[in-house]
Number of protein chains: 2
Amino acid sequence: MNFNQLKVFCLVAEVKSFSKAAKLAHLTQPAISSQIQSLESTLGATLFTRTSTGVYLTDAGQVAHHYIKKMLLIQEELNDQLRLHDQYLP
Amino acid sequence: MNFNQLKVFCLVAEVKSFSKAAKLAHLTQPAISSQIQSLESTLGATLFTRTSTGVYLTDAGQVAHHYIKKMLLIQEELNDQLRLHDQYLP
DNA sequence: GTCCCTTACGTCAGTCGTAAAAATG
DNA sequence: CATTTTTACGACTGACGTAAGGGAC
């Protein structure tokens, strides 16, 4: 599980579309599809229901979204704190 | 940045040794060294001071340790919550 | 036909282990 | 010399893009 997968997951959850997320992330749809499948595999749960009108979070997906948002927020705080620090190398 | 790196980082921070962490994680010392170097590179900060008597967290390393522990805790909560869910596939 | 997601496949970066090197006590 | 970390190198896994496939409107 890596943070790129988590960012892609949150992006898809927001725009409710793999293809739109792909454009926003400057990736291809297959890359998005692969990332989501990989995340679903490691978490052992289906995160999205795929329909012709769009993709939507399952119950498990909503749970995951809640925690993953928190993790990404903490990651940003970490980066912010390190940027203020001495050992930071631009 | 992936979660294996974060777990290795926390392990090294606890045992203050790459070699001991390697044994505990069932990896080799070079693998630990590489993971830490990679994490230091992505965070843009030196996390450990390497001495002959052991490795110790730098100031930036202590900051990172604080946030990374929180991220790993949330990851565990996520796994716990998903395990209670319907869509969970063993 | 059009749009969207998935599968298949070749390519390239990242990670591991083994082996050798460098540094410290 | 013993211990620990780092570097070098070959092998493997994982992620990407291109191209083709399948389903819904």
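Note that the structure is predicted; figures quoted are calculated from it, not measured. Naming: A, B, ... by sequence-line order, numbering from 1 per chain.
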Requested in this report: With sequence neighbours excluded, give me every side chain to side chain donor-acceptor pair (under 3.5 Å) pair touching residues 2-11 of chain A.
Outcome: A/Q5-A/S38
Requested in this report: Any salt bridge (charged side-chain N to carboxylate O under 4.0 Å, His left out) involving residues 45-57 of chain B? Give me the pairs, sequence neighbours left out, ordered by first then second residue.
Outcome: B/E40-B/R50
Query raised in the report: Can you find a pair of side-chain heavy atoms, one from A/Q35 and one from A/V12, that are under 4.5 Å apart?
Result: no
Write out a two-atom table: protein N or O, nucleotide N or O from nucleotides 22-24 of chain C, distance below 3.5 Å.
from: C/dT24; atom 1: O3'; to: B/S52; atom 2: OG; distance (Å): 2.8

Query raised in the report: Of all residues at least two apart in sequence or in a different chain, which pass the side-chain hydrogen bond (donor to acceptor under 3.5 Å, both in side chains) check with B/Q37?
Result: B/S33
Query raised in the report: For B/Q35 and C/dG14, is the shortest distance between a side-chain N/O and OP1 or OP2 below 4.0 Å?
Result: no
Requested in this report: Please go through B/V15's hydrophobic cluster and name the other residues, only I, L, V, M, F, W, Y counting, with side-chain heavy atoms under 4.5 Å joining them.
Outcome: B/L11, B/L24
**Report entry** side-chain hydrogen bond (donor to acceptor under 3.5 Å, both in side chains) partners of B/Q29, counting only residues at least two apart
**Finding:** none
Report summary line: B/M1 atom CE is separated from C/dG14 atom P, nearest whole Å, by 16 Å
Requested in this report: Decide yes or no for A/K70 and B/L78: does some side-chain heavy atom of the first lie under 4.5 Å from some side-chain heavy atom of the second?
Outcome: no
Requested in this report: Return the residues of residues 12-34 of chain B meeting this criterion: a heavy atom under 4.0 Å from some atom of DNA chain D. Order them by number, or give none.
Outcome: B/S17, B/F18, B/S19, B/Q29, B/P30, B/S33
Report task. Quickly work out the A/R50 CZ to C/dC5 P distance and round it to whole Å. Result -> 9 Å
Query raised in the report: Just the endpoints, please: which first and last nucleotides of DNA chain D, 5' to 3', lie under 4.0 Å from a heavy atom of chain A?
Result: D/dA15 to D/dC25
Query raised in the report: Quick one: B/N4 CG to C/dC16 C1', roughly how many Å, whole number?
Result: 12 Å
**Report entry** Results of side-chain hydrogen bond (donor to acceptor under 3.5 Å, both in side chains) for A/S17 - residues two or more places apart only
**Finding:** A/S19
**Report entry** Whole-Å distance separating the CD1 atom of A/I36 from the C1' atom of C/dT6
**Finding:** 13 Å
Query - All side-chain hydrogen bond (donor to acceptor under 3.5 Å, both in side chains) counterparts of B/T51, not counting sequence neighbours - result: B/T53
Report task. Round to a whole Å and report the spacing from CG of A/N2 to P of C/dT15. Result -> 10 Å
Requested in this report: Using the salt bridge (charged side-chain N to carboxylate O under 4.0 Å, His left out) rule, collect all pairs that involve residues 19-34 of chain B, keeping only residues at least two apart or in two chains.
Outcome: none
Query - Results of side chain to side chain contact (heavy atoms under 4.5 Å, CB included) for B/K16 - residues two or more places apart only - result: B/Y56
